[in-house]
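Here is the structure we will look at.
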Amino acid sequence: MRLFQRIAMLLLVGILLFTTYHHAFQTHFTASSNDLIHVQLLGINDLHGQLDQYQQLQGKRVGGAEYLASHLQAYQEKNPHTLLVHTGDMVGGSPPISSLFNDEPTIEFLNLLNVDIGTPGNHEFDRGVAEMKRLIHGESPQEKGNFKGATAQYTSANILDKKTGETVFRPHVIKKINGVNMGFIGVVTTDTNDFVLANSREEVMITDEVNAINKSVKQLKEQGIRSIVVLAHVSVQSDQNGGNPKEDLAEMAYKVDDEVDVMLGAHNHQYANTVVDDKLLVQAYSYGKAFSQVELGIDKRTEEIAYKQAEIVPVEHESVKPDPKVMTFLQTYKDQLGTDAGKSIGTLPYQLTRKKNERAESPLAQLVAEASRKEMQADIALVHHGGIRASLPKGDVTKKDLYTAFPFEHHLVKIEVTGGDLYEILEQQWSEKYDAALQTAGITVEWNDLAPFGERIEEIKAESGEPIELTQTYTIALSNYLQEGGDGFSKLTSTKVLQKGPLIVDAVAMHFEDSYPLVVQK
């Protein structure tokens, strides 16, 4: 009997202890949860005006403005304390539904989404600083326009006006969300200095990202802001499991003030969901294929970010219905494009892909090079692949296909250089910063990519097979973007334009109609 009494007593004590500690644990957990303010960030990057374009991701059909809107709305409904942000390149390299309307449709779409904060990427500069400002700030009465601009607040701490030395946009933005003041700092990659046209380089300068971020962090901390997020149009990448973080933003994370807890990246169109130096780094591919969903827990007492995690959410079509409001909006612009955009101009027996081979050459870039050389009646043509944004499909090719592939307003120019200059120009294809291989026509180039920078070109031969003579002069057809030093080709900036030609898309269209005439089905 005593044994049973002892067992019963031990069980009773155990139950009492379990109840006491369980209650204490629950109280502690509840208190911890109650001490946190929950905020959600939804991030978009590198949309490039892909409003009516669909992609494939992980074997599923994704993308499209109407589906992106539905997904974002569903996540906003889960947490009313949500901020929608973007990290640049919302425009530039856009398909016709955006590019042929000066990218105003993309800004209008972002307004429909009610984006809270954005930062410019390098492609916001494509049409110059004045046009970037017009898209963001809208047209003044003096401009006699009615475009209202973006409703989002824009921030960039490292885009400076060369005349005044002041930032072109706010260096940071403060938002009060769920009772807490949060600071957002925007920056754009310093590589932008190499990408933008000459007139933009005369107006603005892009300064070091880390210095600009840390300066703004200091200013925010002086105002008592402890929850700080960076919106960076800077490359980052990681494995799907968060391992192997790399690219510029991952390297910068170690140098950025530790008051920063989250950095949303962009620019290289990759996946990133990783932690570097206790900073959460995220990027959601590109073209509206996915978006970043960041959950934050902010300590009520200190107003610091105490908890953070992220998910990269594919904009797949299966689980949502397309947003009807956005569908109506898109149809308005599709109607304005009219039937002319869908008119076939030629027939391709095979796809002309923009995908580069092991020699960094592509069939579509070769077509551009041949069209450029023919149009400008030049000895040589040089083409940069960055100006080509889509492949041309097998079968009938429409004007819309061409404008999708060649969305930039780059035009052809003709210059004259010596053979020695040509060697120096082509050596600039490689640098420590990036690989900017050019497609050529009229010459063949042999190089050794294991040789040091500046010593890789082994031989350049003319179309005839004869070596290029160092002292002889040659005419070159190329884009005004390259001639003005785009993609780091600084050697070209000293050349003189002998002749200005048509838009590249128009030159390609004329060449295409001759080379691939329309096949009429009987």
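Given the structure is predicted, the values throughout are model-derived calculations rather than measurements. Numbers here are sequence positions counted from 1.
In this structure, Gln499 places its CD atom where more than 12 heavy-atom neighbours from other residues, nucleotides or ligands lie under 6.0 Å away. The neighbour count for Lys162 NZ, taken as heavy atoms of other residues, nucleotides or ligands under 6.0 Å away, is above 12.
Sequence neighbours left out, not one pair with a member in residues 88-98 passes salt bridge (Lys or Arg N to Asp or Glu O under 4.0 Å). Here salt bridge (Lys or Arg N to Asp or Glu O under 4.0 Å) pairs that include residues 119-128, with residues two or more places apart or in two chains, are Asp103-Arg127, Arg127-Glu409. The list of ring pair (Phe, Tyr, Trp, His ring centres under 6.0 Å) pairs with a residue in residues 363-386, not counting sequence neighbours, reads His384-His410, His384-Tyr481. Sorted by first and then second residue, the salt bridge (Lys or Arg N to Asp or Glu O under 4.0 Å) pairs involving residues 45-65 (not counting sequence neighbours) are Asp52-Lys400.
Qualifying side chain to side chain donor-acceptor pair (under 3.5 Å) partners for Gln153, counting only residues two or more places apart in sequence or in other chains: Lys175. Partners of Ile425 under the side-chain contact (heavy atoms from CB on, under 4.5 Å) rule, at least two apart in sequence or in another chain, are Leu382, Val417, Phe489, Lys491, Leu492. In this structure Ala360 satisfies the side-chain contact (heavy atoms from CB on, under 4.5 Å) test together with Lys356, Ala437, sequence neighbours excluded. Not counting sequence neighbours, Ser235 has no partner by the side chain to side chain donor-acceptor pair (under 3.5 Å) test. Checked against side-chain contact (heavy atoms from CB on, under 4.5 Å), Gln240 has the following partners two or more places apart in sequence or in another chain: Gln58, Tyr271, Tyr285. Under the rule for a side-chain contact (heavy atoms from CB on, under 4.5 Å), the partners of Leu100 that lie at least two apart in sequence or sit in another chain are Pro96, Leu337, Tyr403. Every residue two or more places apart in sequence or in another chain that forms a side chain to side chain donor-acceptor pair (under 3.5 Å) with Asp257 is listed here: Lys221.
Residues Lys461 and Ile443 fail the side-chain proximity criterion, which asks for heavy atoms closer than 4.5 Å. Between Ile476 and Asp379, every side-chain heavy-atom pair lies at or beyond the 4.5 Å cut-off.
Salt bridge status for Asp514 with Lys374: present, with a side-chain N to carboxylate O gap under 4.0 Å. A salt bridge between Glu463 and Arg373 is present, with a side-chain N of the basic residue lying under 4.0 Å from a carboxylate O of the acidic one.
Ring-plane geometry between His267 and Phe195 is classed as tilted, the angle between the planes lying from 30 to 60 degrees on a 0 to 90 degree scale.
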Identify every side-chain donor-acceptor pair in residues 361-372 under 3.5 Å, counting partners at least two apart or on other chains, and give the distances.
unit_1, atom_1, unit_2, atom_2, d
Ser362, OG, Ala365, N, 3.1
Gln366, OE1, Gln439, NE2, 2.6
Gln366, NE2, Thr440, O, 3.4
Ser372, OG, Val368, O, 2.7

